[in-house]
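Worksheet: the structure to be examined is printed underneath.
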Amino acid sequence: NSSTNMGLEAIIRKALMGKYDE
Amino acid sequence: EFTPEQQSLLDYIMDSYSKQQIPQEVSKKLLHEEFSAEGNFLILTEMATSHVQVLVEFTKKLPGFQTLDHEDQIALLKGSAVEAIYWKATIRSPWSLLFSNRPNSFSISDEFITPMFNFYKSIGELKMTQEEYALLTAIVILSPDRQYIKDRESVERLQEPLLDILQKCCKLHHPDNPQHFACLLGRLPELRTFNHHHAEMLMSWRVN
């Protein structure tokens, strides 16, 4: 899972931009 | 009674709230027997990520949210994500399922777990409606007093109408308890305490 090591802020930024599945 | 504007705001929030579901393939993993520390960590991480993504989708649809300064949007979400997820766990608790299946694998101390379970129990006793859950989630997210918010007034302007609607909901659904609204708001500082404990716990895990 590519998001395993992603921090909270990075997840939020990505999700805000609608980049869910990258 | 709700004004027509309040009713349509409530309907809109309920609609986006009802769509706030984590994907089934993620939640299903909890039911699989997996007791290795690494496996648990992966499941927990994936669930947390998924919850945050779903929360962001809900938040994006809150009226006015996308008009806020972009960095303020991030500060609001960063400040509230843990609280909103704990809050959500009081309804259907995948987290408690995770913990009850794997009691010792996270080495979380009793001082942390016991108040959390007491909190969940006391929320259950409040017999909240879906509307109250949805509105409180939105109110938690739109808290103007989070760290790093530049334009607090704009956040306040979005939060206030939701508080008005929540107050009306409380009067409508709990006519026998005039303190219900105050009781609900009284839970929010408790949620913040969990947020602080959560941060402390993460830090200690990182150190270890």
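Lettering follows sequence order; numbering is per chain, from 1. Just so it is clear, the structure is predicted and the values come from calculations on it, not from any experiment.
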Measuring heavy-atom distances to chain A, does B:K78 have an atom under 4.5 Å in its side chain, in its backbone, in both, or in neither?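 Its backbone and side chain both get close to chain A.
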Are the side chain of B:D72 and the backbone of B:K150 linked by a donor-acceptor contact shorter than 3.5 Å?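 Such a contact is found between B:D72 side chain and B:K150 backbone.
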Is the backbone of B:L76 close enough, under 3.5 Å, to the side chain of B:S80 for a donor and an acceptor to pair up by distance?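 Confirmed, B:S80 side chain pairs with B:L76 backbone.
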Residues in residues 154-168 of chain B near chain A [non-hydrogen atoms, under 4.5 Å]: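 Counting heavy atoms that sit under 4.5 Å from chain A, no residue of residues 154-168 of chain B is involved.
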According to side-chain hydrogen bond (donor to acceptor under 3.5 Å, both in side chains), who are the partners of B:N195, at least two apart in sequence or on a separate chain?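 In terms of side-chain hydrogen bond (donor to acceptor under 3.5 Å, both in side chains), with neighbours along the sequence ignored, B:N195 is linked to B:E83.
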Answer whether the closest heavy-atom distance between the side chains of B:H197 and B:T193 falls below 4.5 Å.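 Side-chain contact under 4.5 Å: yes.
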Taking side chain as C-beta onward, heavy atoms only, is B:F2 less than 4.5 Å from B:L172?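 The answer is yes; the side chains approach within 4.5 Å.
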When you look at OH of B:Y148, are more than 12 heavy atoms from neighbouring residues, nucleotides or ligands closer to it than 6.0 Å?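 Incorrect, the count does not exceed 12.
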